[in-house]
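Data block below; observations after.
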Amino acid sequence: MTARVTTLGTSHGNHTYCRFNTATLVEVGDASYLIDAGSPASALMLRGEKRIQALRGVFLTHMHEDHAGGLPGVIKALLKAPEPGQHTDVFLPEVEARAGLEAWLVAIRLRWPSPLVTLDTVRDGPLYEDDLIRLEATRTRHLSDRYGPASFSYRMTIGDKRIVFTGDLSSDFSDFPEFAKADPCDLCVCEMTHFPPEAALTTLMDSPIGRLVFNHIHDPWHGPGEARLRELFDALPYEFHIAHDGDEFEV
Ligand SMILES: [Zn+2]
Ligand SMILES: [Zn+2]
């Protein structure tokens, strides 16, 4: 089974002149899954000719606005022209985010609640499974709420393929997820904002990664800075890419 990964939005916390906020779409057969829903995720799906009705799961890594801000737009699009059998599970990384989101969905005059969308909370370990994929979560130290760490990395398994999504990490890269260090993955989508490249190089070199895609790209690495970033990771023993909005990767 092949998966197509599209980096819809690839910017760090703010939109930039060439990148929108973070959202990554994984298409498997007729189904699709969204990792993060930074704004304007639903518009970028439309522009990329991706059917919103195919979305089976939306998994936010954490509640920072650049990862969650486009979610109301995604839910609005899901409710707009439903197809028979359409249903989407939306996973929020903090329990308390749910009340705020639901209040906003009502405030913007959506027909809410809706049987088309189910809200759930991310937890450590196995999180989601259907006939096409399995997804598991592990905590990072990027963001905490009053209950503890409230940010997550994800690993998606599609048949014998594995894709890791780091989400945002801490400033020393020490929370790069264990499941990317210990087990081989075909593709690792890794953020590139919160740590200096030097802090990540050794860990990334030692991890059994098939192919690496940097997303969530920080300002210094935009435009002409891209060549510098490429140099800094030149020693990686596998192929790596610096993602732009709309790039597609087959796994
Ligand atoms: Zn971010
Ligand atoms: Zn963040």
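Atoms within a ligand are numbered from 1 in the order they appear, just like the ligands themselves.
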* Tell me, which N, O or S atom in His216 is closest to the Zn ion (ligand 1)? -> NE2
* **Atom name in His67, limited to N/O/S, at shortest distance from the Zn ion (ligand 1)** => NE2
* Between Arg139 and Asp124, is the closest basic N to carboxylate O distance under 4.0 Å? -> yes
* For the Zn ion (ligand 1), which N, O or S atom of Asp66 is at the shortest distance? -> OD2
* **Test item: Val213 and Leu187 side chains (from C-beta on) under 4.5 Å apart, heavy atoms** => yes
* Carboxylate-amine/guanidinium contact Arg123 Asp120, below 4.0 Å -> yes
* Structure fact -> Note: NE2(His62)-the Zn ion (ligand 2)-ND1(His64) angle, rounded to 10 degrees, equals 100°
* Asked: Got a sec: is His194 within less than 2.8 Å of the Zn ion (ligand 2) via an N/O/S atom?
  -> no
* Asked: Taking just the N, O or S atoms of Asp168, which one is nearest to the Zn ion (ligand 2)?
  -> OD2
* **Sidechain N-carboxylate O distance under 4.0 Å for Arg230, Glu239** => no
* Please report the C-alpha distance between Arg19 and Thr10 in whole Å, then the side-chain angles of each, then the deciding distance to 0.1 Å, and finally whether the side-chain hydrogen bond (donor to acceptor under 3.5 Å, both in side chains) criterion is met. => CA-CA 6 Å; Arg19 287 182 165 93; Thr10 58; 2.9 Å; yes
